[in-house]
Amino acid sequence: MALWDRIKESASTLQTQLNAKKNELKSGAFRDASMAICALVAAADGQIDPSERRRVAQLIATNEVLQNFPADDLQRRFEANLDKLVTDFEFGKVSVLQEVAKAKKKPTEARAVIQIGIVIGGADGHFDQTERAVVREACYALGLPPAEFDL
C-alpha cells in the first residue's frame with residue numbers, strides 16, 4: 001500500500017474513532033486543546049501556509065466532533081494560537097502547548113486531541129517529520145506515550 005493510501009486510511013480510522021466519542025468531547029478544555037494542536041501542526045515548519053489555514057477552516061466547518069462548538073469561536077481560537085506561533089515560534093509553542101495540556105485530566109479528550117492533530121497533519125497526504133514532532137510534544141504535554149499513536 002502506498003504511503004498516501006496508508007495516511008488516508010489512518011486519518012479515516014482516527015476520524016471514525018473521534019466520531020464514536022463525539023458526546024464525550026464537549027468541554028472547554030477539549031475545545032481549547034484541539035484548536036491549539038491544529039495551530040501547532042499548521043505552523044510546525046515555522047511557516048503558516050494559506051492552504052494549511054484553509055485545511056483547518058474546512059476541518060472546523062465539517063468535522064462532526066468539532067460541531068459541538070460554534071465554528072466562529074473555534075476559528076478565532078485557532079487564529080489566536082497561530083498569532084502566538086507567528087510572533088515567536090519557540091515562545092508561542094510553550095503557550096500553545098499549555099493550551100493542549102488543558103485536556104490532560106480526561107484521557108478520552110487527551111487522546112482525541114492527538115487524533116485531531118494527526119488528522120490535520122495527514123490531511124494533505126503527507127504527515128511530515130516536523131508535524132510528527134509537534135504532535136509528539138503534544139503527547140508529552142498530555143502525558144500520553146507517542147508510541148500509542150505510532151509517532
Side-chain angles (χ1 to χ4, degrees), residues 3-4 6-8 10-12 14-15 17-18 22 25-151:
L3 177 62
W4 166 244
R6 284 198 313 268
I7 290 170
K8 284 193 325 189
S10 175
S12 176
L14 290 174
Q15 190 57 57
Q17 291 170 358
L18 284 169
K22 177 182 179 180
L25 304 172
K26 294 183 176 183
S27 77
F30 172 72
R31 176 202 60 214
D32 294 351
S34 62
M35 290 304 95
I37 198 157
C38 287
L40 267 177
V41 172
D45 62 1
Q47 300 179 55
I48 290 56
D49 186 271
S51 68
E52 290 169 314
R53 283 183 191 261
R54 283 191 302 275
R55 210 168 48 233
V56 174
Q58 181 181 6
L59 173 82
I60 289 169
T62 61
N63 186 283
E64 195 174 320
V65 174
L66 294 177
Q67 289 176 0
N68 285 332
F69 310 101
D72 60 334
D73 183 40
L74 294 177
Q75 189 68 37
R76 185 181 53 75
R77 290 173 190 281
F78 169 69
E79 292 293 338
N81 284 310
L82 273 184
D83 288 346
K84 292 176 188 175
L85 294 165
V86 169
T87 303
D88 181 338
F89 184 77
E90 289 305 318
F91 185 72
K93 185 167 69 168
V94 171
S95 175
V96 173
L97 283 170
Q98 288 173 340
E99 289 292 307
V100 168
K102 287 182 176 182
K104 187 176 185 173
K105 293 178 184 168
K106 295 183 181 176
T108 298
E109 290 183 358
R111 284 179 176 78
V113 167
I114 298 302
Q115 290 171 326
I116 285 174
I118 294 168
V119 167
I120 286 292
D124 63 354
H126 183 66
F127 190 33
D128 67 36
Q129 291 306 314
T130 56
E131 292 167 336
R132 285 177 183 271
V134 295
V135 174
R136 248 190 319 275
E137 286 184 69
C139 283
Y140 295 129
L142 291 165
L144 297 172
E148 180 179 331
F149 303 93
D150 294 326
L151 295 170

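- Partner Val135 forms a side-chain contact (heavy atoms from CB on, under 4.5 Å) with one of Ile114, Ile116, Thr130 and no other, that one being Ile114.
- A distance of 7.5 Å separates CG of Asp45 from CD of Glu131, quoted to the nearest 0.5 Å.
- At least one donor-acceptor pair closer than 3.5 Å links the side chain of Asn68 to the backbone N or O of Val65.
- Going from atom CZ of Phe78 over to atom CG of Leu66 covers 12.0 Å, rounded to the nearest 0.5 Å.
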**OP:** Decide salt bridge (charged side-chain N to carboxylate O under 4.0 Å, His left out) for Glu90 and Lys93; before the verdict, give the C-alpha distance in whole Å, the side-chain angles of both, and the deciding distance to 0.1 Å.
**Re:** CA-CA 5 Å; Glu90 289 305 318; Lys93 185 167 69 168; 3.7 Å; yes
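- The distance from atom CD1 of Ile120 to atom CD of Gln115, rounded to the nearest 0.5 Å, is 13.0 Å.
- Closest approach of Leu142 and Val100 over heavy atoms only: CD2-O, 3.1 Å.
- In this structure, the side chains of Gln75 and Asp72 stay at 4.5 Å or more apart for every pair of heavy atoms.
- For Gln129, the side-chain contact (heavy atoms from CB on, under 4.5 Å) criterion is met by Arg132, not counting sequence neighbours.
- The nearest pair of heavy atoms linking Ser95 to Lys84 is OG-NZ, 3.3 Å.
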Validation: residues 27-43 side-chain donor-acceptor distances under 3.5 Å, sequence neighbours left out:
unit_1: Ser27; atom_1: OG; unit_2: Ala29; atom_2: N; d: 3.4
unit_1: Ser27; atom_1: OG; unit_2: Phe30; atom_2: N; d: 3.1
unit_1: Ser27; atom_1: OG; unit_2: Glu109; atom_2: OE1; d: 3.0
unit_1: Ser27; atom_1: OG; unit_2: Glu109; atom_2: OE2; d: 2.7
unit_1: Asp32; atom_1: OD1; unit_2: Arg77; atom_2: NH1; d: 3.1
unit_1: Asp32; atom_1: OD2; unit_2: Lys102; atom_2: NZ; d: 2.9
unit_1: Ser34; atom_1: OG; unit_2: Phe30; atom_2: O; d: 3.0
unit_1: Ser34; atom_1: OG; unit_2: Arg31; atom_2: O; d: 3.0

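- Nearest heavy atoms, Ala141 versus Ala101: O-CB, 3.7 Å.
- Between Phe89 and Ala44, the closest heavy-atom pair is CZ-O, 4.1 Å.
- A pairwise comparison of heavy atoms in Lys26 and Phe69 identifies O-CE2, 3.5 Å as the closest pair.
- Across Arg136 and Pro146, no two heavy atoms sit closer than the pair CG-CB, 3.5 Å.
- Residues passing the side-chain contact (heavy atoms from CB on, under 4.5 Å) test with Gln98 are Val94, sequence neighbours excluded.
- Judged purely by atom type and a 3.5 angstrom limit, Glu79 has no side-chain atom pairing as donor or acceptor with the backbone of Arg76.
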